[in-house]
Amino acid sequence: MGEQEKLDNLCINTIRFLSIDAIQQANSGHPGMPMGAAAMGYTLWTRFLKHNPANPLWFDRDRFVLSAGHGSMLLYALLHLTGYDLPLEEVRNFRQWGSLTPGHPERLHTPGVEVTTGPLGQGFANGVGMAMAERHLAARFNREGHEIIDHYTYSICSDGDIMEGVAAEAASLAGHLRLGKLIYLYDANEISLAAATSLTFTEDVPRRFDAYGWHTQVVEDGNDVAAISTAIEAAKQVTDKPSLIMVRTHIGFGSPNMQDTFDVHGKPLGKDEVKATRANLGWPSDEEFFVPEEARKVFHNELSKGKLAEEAWNKRFEVYRQKFPEAAAELLGMMRGEPVEGWRSALPRFRPEDGKVATRSASGKIINALAKQVPALIGGAADLGPSTKTTMKDMGDFEPPALAGTDTQGSAGGGWSWAGRNIHFGVREHAMGSIANGMAAHGGMRPYVSTFLMFSDYLRPTLRLAGLMKLPVIYVFTHDSVAVGEDGPTHQPIEHVASLRAIPELLVLRPGDANETAVAWELAIESKEQPVALILTRQDLPIPDRGEVADAEGVRRGAYILKDCDEETPDLILIASGSEVALALESQQKLAAEGIAVRVVSMPSWELFAAQAEDYRESVLPKRVKARLSIEAGSTLGWERWVGSEGAALGIDRFGTSAPGDQVLHEYGFNVDNVCLHAKRLLKEKVTVK
């Protein structure tokens with residue numbers, strides 16, 4: 001063994017034993033993956049990864065995603081050793097309360113962690129989004145001789161990641177998009193949590209990825225640094241395909257009794273096995289968390305390399321700024337997440353004389369106005385753009401620059417190019433959400449995605465992770481109720497708004513008309529650290545005369561008095577969201593004609609209203625008014641929070657049916673007569689309506 005090989009081996013074992021010791025001290029964790037994948041982590045991070053540990057947010061850094069997030073100690077060891085602000089004490093506190101080293105990597109929590117991973121397959125798809133962001137920004141801003149956006153996205157993924165459907169969706173799209181700066185190292189150790197993968201997973205993975213349009217290679221020995229290096233070099237030479245490098249490893253490598261067993265996947269080695277592993281690998285110390293000085297010097301080279309790389313980029317960018325000032329200013333604004341000055345004034349406003357308009361159609365007009373005001377806005381649909389109204393006209397389609405034998409004008413106008421801002425995700429809702437998370441985490445992007453509300457279930461894991469990561473992704477969910485009509489119960493959402501409201505950190509907005517939709521979009525663009533879900537109608541809705549009802553700016557407070565009665569204290573409060581706001585206004589008129597004083601409250605967002613001061617909430621929903629009726633064409637779950645114990649919720653707690661939308665709404669009780677019946681029953685009996 002040569003001197004360099006000995007040094008490499010020492011560094012690799014340093015990663016292994018930091019991982020082993022941290023997991024053993026916590027008596028919790030997953031040692032198998034860090035032990036088996038240490039060599040590929042070491043090779044990538046010290047020979048290829050362009051990063052600056054002193055500035056984890058340097059914009060032109062390479063992105064690294066540990067998709068196999070259960071192997072978090074591999075990442076924490078690399079971060080600590082290469083000089084990120086992750087001291088050894090934090091490694092010692094692995095998985096402990098308040099530490100910077102939680103059980104799975106968390107964005108915004110640990111310096112150097114790009115995305116929150118753990119749910120398998122998510123990191124795989126996030127990386128695709130990051131690579132798409134890099135290609136888009138490079139296509140828009142690089143100039144000949146001035147490549148200021150030029151970085152790779154790397155990932156280490158596992159057998160479990162490769163099995164997940166979301167990874168298959170994302171891989172298929174990445175191959176189609178020819179994302180040549182996407183390189184994944186596949187830790188193929190043939191062991192999952194419960195058994196050998198041969199029990200469930202016998203496909204030829206490289207051939208599958210070949211079919212997706214990826215460049216694939218196989219490294220037979222996961223400890224062969226030279227072979228891993230050669231494979232990464234080869235991958236970098238393939239510029240028109242993403243790359244998958246299948247690296248055959250041994251889970252729990254070095255453990256005499258646990259290597260290649262599923263036991264080592266998710267439990268500590270135990271003191272005796274740790275001792276045996278030290279002896280087996282010739283580790284020079286019995287001291288826990290021991291880092292040999294020779295190894296530390298190798299890893300700390302990344303600090304000086306990173307500093308020089310960022311300084312060189314800063315100089316190149318300054319030249320670029322002098323030569324292309326407008327492009328540089330736009331890019332810097334995108335990096336800061338800023339729309340152009342005065343952007344709100346460019347948004348359309350809607351008048352009653354414009355006629356009825358679906359909130360999805362109003363949203364489409366708003367998106368096209370925003371496209372010129374928010375340069376970072378980019379997005380699309382899961383093959384539903386014409387239905388969700390989410391296409392930005394004349395902004396081009398995000399596609400490979402040259403697609404032989406195809407219409408190069410693109411469906412949105414402006415041609416096909418990575419610079420295009422309309423993304424065609426195909427029928428891949430789950431990957432669409434994860435990819436958007438990756439784009440937002442990359443920076444410089446304000447991604448939106450869209451599908452029917454019914455299919456928000458396919459995005460649920462990514463919605464939750466967007467909230468956890470504080471990513472301002474915008475979700476446009478249209479066709480929001482049984483008013484979808486003839487398509488029937490498979491396409492008619494019932495419980496979906498309630499389930500979205502249950503996700504922490506997700507702002508849910510169900511605007512009641514076109515002008516409320518405009519304010520909802522303003523809130524979405526203003527959001528910096530919170531994902532936003534817009535719940536929009538397929539059916540046309542009337543546009544209230546804002547001279548007769550309150551201004552739509554009330555949306556900003558979550559709920560507001562849309563139209564009040566003449567009396568100081570109303571007899572009844574009707575609370576509605578979305579398409580049912582118009583129904584509440586109609587019902588108010590009929591009840592008023594019968595001498596009943598009714599206040600109509602539009603409540604597009606529970607989250608925003610709950611965040612208001614108590615005195616404001618009391619002014620809208622005074623406690624003294626017990627007769628309250630909520631009206632929403634969906635699950636009644638949770639409405640008791642706002643209607644109280646003596647109020648009632650008019651909603652739908654059963655599946656829909658196939659019929660014209662207006663008829664379905666009527667039969668399900670969403671008509672003036674039924675609202676008035678429920679209202680009078682509340683006033684008379686003061687009981688909850690069943």
Side-chain angles (χ1 to χ4, degrees), residues 44-45 48-65 79 82-85 105 107-116 123 126-143 145-155 179-183 236 302-340 374-378 398 418-419 421 435-447 469-473 528-529:
L44 176 62
W45 276 62
F48 294 95
L49 195 69
K50 181 177 69 172
H51 64 131
N52 183 3
N55 182 13
L57 298 180
W58 168 36
F59 197 75
D60 200 42
R61 69 191 181 278
D62 290 340
R63 270 60 171 184
F64 173 77
V65 176
L79 291 170
T82 55
Y84 285 79
D85 187 14
R107 181 180 183 269
L108 301 180
H109 188 79
T110 310
V113 172
E114 300 283 3
V115 286
T116 299
N126 293 160
V128 173
M130 291 177 171
M132 289 169 64
E134 191 276 343
R135 287 292 77 198
H136 177 74
L137 292 170
R140 280 178 68 174
F141 293 104
N142 285 355
R143 303 291 186 266
H146 299 273
E147 293 193 349
I148 54 165
I149 305 296
D150 182 16
H151 52 266
Y152 285 83
T153 300
Y154 296 99
S155 176
L179 301 175
K181 291 199 168 181
L182 183 67
I183 299 175
K236 293 181 71 172
E302 296 305 301
L303 279 166
S304 56
K305 285 164 55 180
K307 180 183 177 183
L308 290 173
E310 183 175 359
E311 287 175 349
W313 183 82
N314 287 336
K315 290 177 181 177
R316 294 200 309 275
F317 187 81
E318 188 55 39
V319 173
Y320 177 89
R321 178 157 42 187
Q322 295 296 324
K323 195 164 186 178
F324 309 104
E326 291 184 4
E330 182 174 76
L331 175 58
L332 288 170
M334 290 169 65
M335 289 163 61
R336 291 190 295 265
E338 297 173 352
V340 301
V374 186
L377 194 66
I378 183 170
F398 182 90
W418 282 319
R421 292 167 64 184
I435 287 167
N437 284 353
M439 297 184 82
H442 177 280
M445 303 276 92
R446 282 307 310 271
M469 289 190 272
K470 301 186 183 302
L471 295 172
V473 178
K528 299 293 186 183
E529 294 186 340

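Each residue takes its place number in the sequence, starting with 1.
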Worksheet entry | Qualifying salt bridge (Lys or Arg N to Asp or Glu O under 4.0 Å) pairs with a residue from residues 316-333, counting only residues at least two apart or across chains | R140-E330, E318-R321
Worksheet item: Is the shortest heavy-atom distance from the side chain of N437 to the side chain of T116 under 4.5 Å?
Response: no
Practice prompt. Start with the C-alpha gap between L179 and W418, add the side-chain angles, then the distance that decides, and say whether side-chain contact (heavy atoms from CB on, under 4.5 Å) holds.
Written response: CA-CA 10 Å; L179 301 175; W418 282 319; 4.2 Å; yes
Worksheet entry | Residue pair I148 / L331, side-chain heavy-atom distance below 4.5 Å | yes
Worksheet entry | side-chain contact (heavy atoms from CB on, under 4.5 Å) partners of A329, counting only residues at least two apart | none
Worksheet item: side-chain contact (heavy atoms from CB on, under 4.5 Å) with A138: which residues, sequence neighbours excluded?
Response: E134, R135, N142, I149
Discussion item. Within 45 degrees of the ring normal and closer than 6.0 Å to the centroid, is that where the cationic atom of K236 sits relative to F48?
Written reply: no
Item to complete: Please list, chain by chain and in numerical order, all residues satisfying salt bridge (charged side-chain N to carboxylate O under 4.0 Å, His left out) with E338, sequence neighbours excluded.
Response: R336
Discussion item. Quick check: closest heavy atoms across A139 and A419, and the distance to 0.1 Å?
Written reply: CB-N, 3.5 Å
Discussion item. For the NZ atom on K528, are there more than 12 heavy atoms of other groups (residues, nucleotides or ligands in this structure) within a distance under 6.0 Å?
Written reply: yes
Discussion item. Could you report the tightest heavy-atom contact between T153 and A131, atom names first, then the distance?
Written reply: OG1-N, 3.6 Å
Item to complete: Using the six-membered ring wherever Trp is involved, compare the ring planes of F324 and Y320 and label them parallel, tilted or perpendicular (cut-offs 30° and 60°).
Response: tilted
Discussion item. Tell me whether D62 contacts the main-chain N or O of Y152 through its side chain, where contact means a donor paired with an acceptor under 3.5 Å.
Written reply: yes
Discussion item. Checking F59 now: which residues fulfil ring-ring contact (aromatic ring centres under 6.0 Å, His included) with it, not counting sequence neighbours?
Written reply: H442
Fill in: Considering all heavy atoms, the nearest L303-P53 contact
CD2-CB, 3.7 Å
Worksheet item: Are there more than 12 heavy atoms of other residues, nucleotides or ligands under 6.0 Å from atom NZ of K307?
Response: no
Worksheet entry | More than 12 heavy atoms from other groups under 6.0 Å of CG on N314 | yes
Discussion item. Does any part of the side chain of L137, heavy atoms only, come nearer than 4.5 Å to the side chain of M445, both counted from C-beta?
Written reply: yes
Worksheet item: A441: what forms a side-chain contact (heavy atoms from CB on, under 4.5 Å) with it, not counting sequence neighbours?
Response: R107, V115, M130, L471
Worksheet entry | Under 3.5 Å: donor-acceptor pair, side chain of R61, backbone of N52 | no
Worksheet item: Got a second to check how far F317's CZ is from L332's CG, nearest 0.5 Å?
Response: 4.0 Å
Worksheet item: Can T82 and L49 be said to form a side-chain contact (heavy atoms from CB on, under 4.5 Å), step by step?
Response: CA-CA 11 Å; T82 55; L49 195 69; over 6 Å; no
Worksheet item: How about L377 and R421: do any of their side-chain heavy atoms sit closer than 4.5 Å?
Response: yes
Worksheet item: Residues in ring-ring contact (aromatic ring centres under 6.0 Å, His included) with F141, at least two apart?
Response: none
Discussion item. Could you work out, with side-chain hydrogen bond (donor to acceptor under 3.5 Å, both in side chains) as the rule, every residue matching H51, not counting sequence neighbours?
Written reply: Y84, E302
Worksheet item: In chain order, what residues pass the side-chain hydrogen bond (donor to acceptor under 3.5 Å, both in side chains) check against D60, with sequence neighbours excluded?
Response: K50, H151
Discussion item. Could you report the tightest heavy-atom contact between M439 and P447, atom names first, then the distance?
Written reply: CB-CG, 4.3 Å
Discussion item. Given 3.5 Å as the limit, does a donor-acceptor pair link the side chain of S155 with the main chain of V65, or not?
Written reply: yes
Worksheet item: How close do P105 and V113 get, heavy atom to heavy atom, and via which atoms?
Response: CB-CG1, 3.8 Å
Worksheet, complete the sentence: Across all chains, not counting sequence neighbours, the side-chain contact (heavy atoms from CB on, under 4.5 Å) partners of V319 are H146
